[in-house]
Peer 1: 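Just dropping this structure here.
Bear in mind the structure is a predicted one, so any value in this text is a computation, not a measurement.
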Amino acid sequence: MPLVARVLIDSPLPQLDRLFDYAVPPALRAQATPGVRVKVPLRTAGRVVEGYLVELVERPEPSVAGKPLSEIDAVVSPVAVLTPELYTLARRVADRAAGSASDILRLVIPKRMVRAEKAWLAAREASSDVSAPVAAQGAEADADGEDASDTSAHAGEASWARGILEDFPDLRSALAARARIALDAPPRPAPAAPRGAWAELVGAIALDTFAGGRSALIVVPDQRDEAQVLAVLAEHAPDDAVVRDDARRSGPERYAAYLRLLGGDPAIVVGNRSTVYAPAAGVGTVIIWDDGDPLLSEQLSPGVHARDAALVRQELEGSALVFAGHTRTTDVERLVQLGWVRDVPARRRTSPKVVLSATRDDEARGRRVPSAAFAAAREALQHGPVLVQVARPGYAPVLVCADCRTPARCPHCTGPLRSRRPGAAPECTWCGRTIASWSCANCRSTRLRMASSGSERTADELGRAFPNTRVIVADGEHPVVSVDPRPALVVATRGAEPHAEGGYRAVILLDGDRMLLAEQLRIGESCLRWWSNAAALAAPGAPVHLVGVAGPVARALATWTQPAYARAELADRAPLHMPPTVRVAAVEGTARSVDAALGALRDAVPTLETGALLGPVSVEGGGVRALVRFDYALGRPVAETLRAAVVADALHGRRVRAGADRFSPRTTLKVRLDVPELDL
């Protein structure tokens with residue numbers, strides 16, 4: 001019977017997100033195996049495109065509409081880079097997010113690097129040549145009783161991992177049962193290195209999994225977190241066990257690492273959000289660190305959060321899944337309340353010494369650093385470094401009119417103005433222009449006033465308040481990974497705080513009231529995460545002063561009860577149908593395409609509640625945007641209907657002139673599911 005190759009086209013066009021059938025020519029039958037890259041003709045476009053051969057089937061007289069099938073044009077590489085498990089995962093995740101499987105695979109599978117591929121193939125061929133003699137020698141050694149004294153060459157590392165995990169009595173049994181776990185990491189620095197204790201906990205879980213002969217995936221938000229985990233594994237894991245997977249590596253390095261995972265040997269894979277799809281063999285545990293960090297939400301289509309992809313993968317493969325962090329997101333807490341995720345507490349609860357610091361009645365009103373926090377910093381500087389967290393980088397991130405207090409805007413693009421240093425001309429944060437002569441659009445005044453203090457201005461002010469003291473600025477423009485234990489004032493923006501060897505002797509959290517003013521649904525969650533991560537950098541017993549903040553978020557930090565805050569947030573959002581108590585889809589495009597999509601959704605899912613559709617409203621750049629709120633049980637019909645609307649819009653939408661005699665289609669409808677904010 002003739003062989004038919006089912007191929008997934010690597011294309012961003014939504015109408016091509018399906019398997020196409022191609023005949024396999026006799027000359028390519030030996031090379032055309034499932035998972036390889038192929039080139040195939042696309043009749044509708046009249047050109048040859050690349051894709052992945054997903055499967056081979058036997059069919060009598062294969063044809064399409066009475067015409068014989070087109071043949072595969074070429075096999076790009078003999079390496080099967082697309083495993084069946086990876087395709088199934090990409091397909092399932094894409095369907096849940098109303099996206100394309102090829103968009104998911106584009107994030108995971110690196111571009112082919114011929115030299116790296118040839119080296120991998122040569123190494124694999126060499127290892128296969130010697131595998132039989134080595135296996136025979138190993139069998140003889142076992143028969144003679146040699147090498148039987150230790151069943152693991154890395155018993156010391158496994159013992160270290162078990163010692164770390166003893167702080168969580170039920171953790172190893174939950175991992176063995178392949179459970180979904182919510183874990184509150186110890187909020188303290190590691191005792192002998194400039195890194196967090198959380199990195200040692202995550203590394204211990206991975207090592208315990210690896211010692212059992214299975215792979216572990218560790219997904220972290222950024223390179224700073226990745227470096228901490230890699231440092232732990234460098235000390236305790238076998239040299240060839242760890243695979244670093246992130247886009248900052250060179251093309252050959254990333255492709256070589258990907259091929260290493262295809263080899264079938266267990267590994268510990270550490271990387272950013274796309275690591276959740278890594279094709280490691282026999283995955284035993286997937287670990288997501290700090291899932292509330294927005295860096296774990298993929299910005300490229302279809303915009304799937306690493307947390308959601310990990311949940312889909314765990315359901316497909318039955319591995320253990322760990323959500324670890326210093327705080328608990330409402331998304332994870334919802335799953336805990338449903339019983340879908342298991343809360344595994346520590347043997348002994350530890351928390352930083354948090355002080356809610358406010359300005360006293362006898363102090364100047366609006367004083368930025370109250371006397372209690374100032375005194376704590378002065379005392380701590382006698383023993384080591386002090387961390388001061390601020391909201392924004394720069395000198396004066398916000399400028400206003402000195403007379404009417406209207407925010408200063410750029411006359412060219414209306415972007416906000418900022419000042420980099422005292423006396424300097426303001427510049428626009430959007431277009432970058434320097435504004436030599438500015439006048440207020442409201443009162444025509446030409447005088448500006450600094451309305452906020454960034455990291456550099458704060459460092460300047462504290463440097464004058466604490467003379468003869470080192471001042472270190474850590475922000476996006478001045479990245480600092482770690483500081484030594486000598487006395488210093490470290491002024492850092494949220495998320496850019498360096499680690500201090502032995503921990504900070506005091507932590508002062510400024511601008512908290514200003515952070516909470518942001519018009520975002522999850523701003524309370526975000527602030528609690530920023531502050532908790534900074535508080536976890538303090539040395540045991542060191543004070544953590546939260547300045548000028550009261551209310552539920554401050555109480556949650558002071559009592560270190562982040563899960564309780566997440567539960568309260570869920571209770572408040574449920575009657576209002578706010579995420580994550582419901583799922584939210586954003587539909588954006590022309591008025592015609594959005595109306596058509598919403599109409600199709602009403603017809604296909606009549607059980608949508610009243611008020612489920614919000615908008616549409618106009619958006620910047622033209623077009624409109626609407627939001628759809630729906631229960632999790634309606635996820636499949638909503639995703640299928642919106643995906644069908646995207647495909648229909650791509651096939652029948654407007655055509656724009658692309659040249660003198662030809663036209664090209666333009667997709668106008670965009671759909672994104674599980675948006676975290678109700679932002680029209």
Side-chain angles (χ1 to χ4, degrees), residues 150-188 190-191 195-220 225 228-238 241-243 265-270 275-276 278 280-291 307 310-311 313-326 328 332-333 335-336 339-351 536 563:
D150 187 4
T151 58
S152 172
H154 305 283
E157 288 80 0
S159 176
W160 172 85
R162 288 192 294 269
I164 295 292
L165 300 183
E166 284 179 356
D167 289 341
F168 296 83
D170 300 328
L171 181 54
R172 294 196 71 208
S173 60
L175 292 171
R178 311 289 175 82
R180 294 171 289 267
I181 302 167
L183 203 61
D184 295 330
R188 62 177 184 272
R195 58 176 179 251
W198 69 267
E200 296 190 340
L201 173 63
V202 166
I205 295 173
L207 280 169
D208 188 67
T209 303
F210 183 78
R214 301 185 68 85
S215 296
L217 308 182
I218 303 176
V219 184
V220 295
D225 299 321
Q228 294 181 62
V229 176
L230 289 174
V232 172
L233 296 176
E235 296 176 4
H236 300 284
V242 181
V243 177
D265 295 329
I268 300 175
V269 190
V270 184
T275 302
V276 73
V283 174
T285 307
V286 178
I287 307 166
I288 307 291
W289 167 251
D290 199 9
D291 69 293
R307 174 185 56 243
L311 286 165
R313 180 165 192 164
Q314 194 276 338
E315 186 178 0
L316 289 172
E317 300 181 0
S319 60
L321 175 59
V322 178
F323 295 110
H326 291 132
R328 182 77 56 82
V332 172
E333 183 60 27
L335 298 175
V336 172
W340 190 250
V341 172
R342 175 181 171 184
D343 189 4
V344 177
R347 184 188 306 274
R348 183 177 60 184
R349 181 177 176 271
T350 59
S351 62

Peer 1: Within the side chain of Thr275, is there an N or O that forms a donor-acceptor pair under 3.5 Å with the backbone of Val219?
Peer 2: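 No, the answer is negative, given that no donor and acceptor are paired below the 3.5 Å cut-off.
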Peer 1: What distance do Leu171 atom CG and Arg342 atom CZ have between them, rounded to the nearest 0.5 Å?
Peer 2: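 Atom-to-atom, Leu171:CG and Arg342:CZ are 9.0 Å apart.
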Peer 1: If you count heavy atoms of other groups shown closer than 6.0 angstrom to CZ of Arg348, is the number above 12?
Peer 2: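 No, CZ of Arg348 has 12 or fewer neighbouring heavy atoms, counting only those of other groups under 6.0 Å.
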Peer 1: Does the Arg313 side chain pair with the main chain of Val276, one donor and one acceptor, at a distance under 3.5 Å?
Peer 2: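 The answer is yes, because a donor-acceptor pair under 3.5 Å joins these two groups.
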Peer 1: What's the separation between atom CG in Leu183 and atom CZ in Phe323, rounded to the nearest 0.5 Å?
Peer 2: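 Rounded to the nearest 0.5 Å, the CG-CZ separation comes out at 12.0 Å.
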Peer 1: Looking at Arg162 and Asp208, would you say the former's side chain and the latter's main chain have a donor-acceptor pair under 3.5 Å?
Peer 2: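 Not a single qualifying donor-acceptor pair exists.
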Peer 1: So do the side chains of His236 and Leu207 get within less than 4.5 Å of each other, counting heavy atoms only?
Peer 2: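 They are in side-chain contact.
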Peer 1: Donor-acceptor pair, distance only, cut-off 3.5 Å: does the side chain of Ser319 make one with the backbone of Gln314?
Peer 2: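 No; zero donor-acceptor contacts below 3.5 Å.
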Peer 1: Report yes if some heavy atom in the side chain of Phe210 is under 4.5 Å from a heavy atom in the side chain of Val242; otherwise report no.
Peer 2: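 No, their side chains stay 4.5 Å or more apart.
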Peer 1: Mind checking whether Leu201 and Ile164 have side chains closer than 4.5 Å, heavy atoms only?
Peer 2: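 With C-beta onward as the side chain, the pair touches.
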Peer 1: Which is it for Glu317 and Arg214 under the salt bridge (charged side-chain N to carboxylate O under 4.0 Å, His left out) test, yes or no, and what are the steps along the way?
Peer 2: CA-CA 13 Å; Glu317 300 181 0; Arg214 301 185 68 85; over 6 Å; no
Peer 1: Could you pull out the closest heavy-atom pair between Pro169 and Asp167, with the gap in Å?
Peer 2: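 In terms of heavy atoms, the two residues are closest at CD-O, 3.6 Å.
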Peer 1: How many angstroms lie between OG1 in Thr285 and CZ in Arg178, if you round to the nearest 0.5 Å?
Peer 2: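 The CZ atom of Arg178 is 7.5 Å from OG1 of Thr285, to the nearest 0.5 Å.
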Peer 1: Going by heavy atoms in the side chains, are Val322 and Leu175 under 4.5 Å from each other?
Peer 2: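 Counting from C-beta outward, Val322 and Leu175 do come under 4.5 Å.
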Peer 1: Could you give the distance from CZ (Arg347) to CG (Asp170), rounded to the nearest 0.5 Å?
Peer 2: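 Interatomic distance, Arg347 CZ to Asp170 CG, rounded to 0.5 Å: 9.0 Å.
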Peer 1: Rounded at 0.5 Å granularity, tell me how far CD1 in Ile268 sits from CD1 in Ile287.
Peer 2: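 Spacing of CD1 (Ile268) from CD1 (Ile287) equals 8.5 Å.
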Peer 1: Measure the shortest side-chain to side-chain distance between Val229 and Trp198 over non-hydrogen atoms and say whether it is less than 4.5 angstrom.
Peer 2: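 Counting from C-beta outward, Val229 and Trp198 do come under 4.5 Å.
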Peer 1: Indicate yes or no: at least one non-hydrogen side-chain atom of Thr209 is less than 4.5 angstrom from one of Val283.
Peer 2: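 Answer no - side chains too far apart.
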Peer 1: Answer yes or no: are there more than 12 heavy-atom neighbours, outside Glu315 itself, under 6.0 Å from its atom CD?
Peer 2: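 At most 12 heavy atoms, drawn from other residues, nucleotides or ligands, come within 6.0 Å of this atom.
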Peer 1: Salt bridge between Arg328 and Asp184, side-chain N to carboxylate O under 4.0 Å?
Peer 2: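 Looking at Arg328 and Asp184, the cut-off is met.
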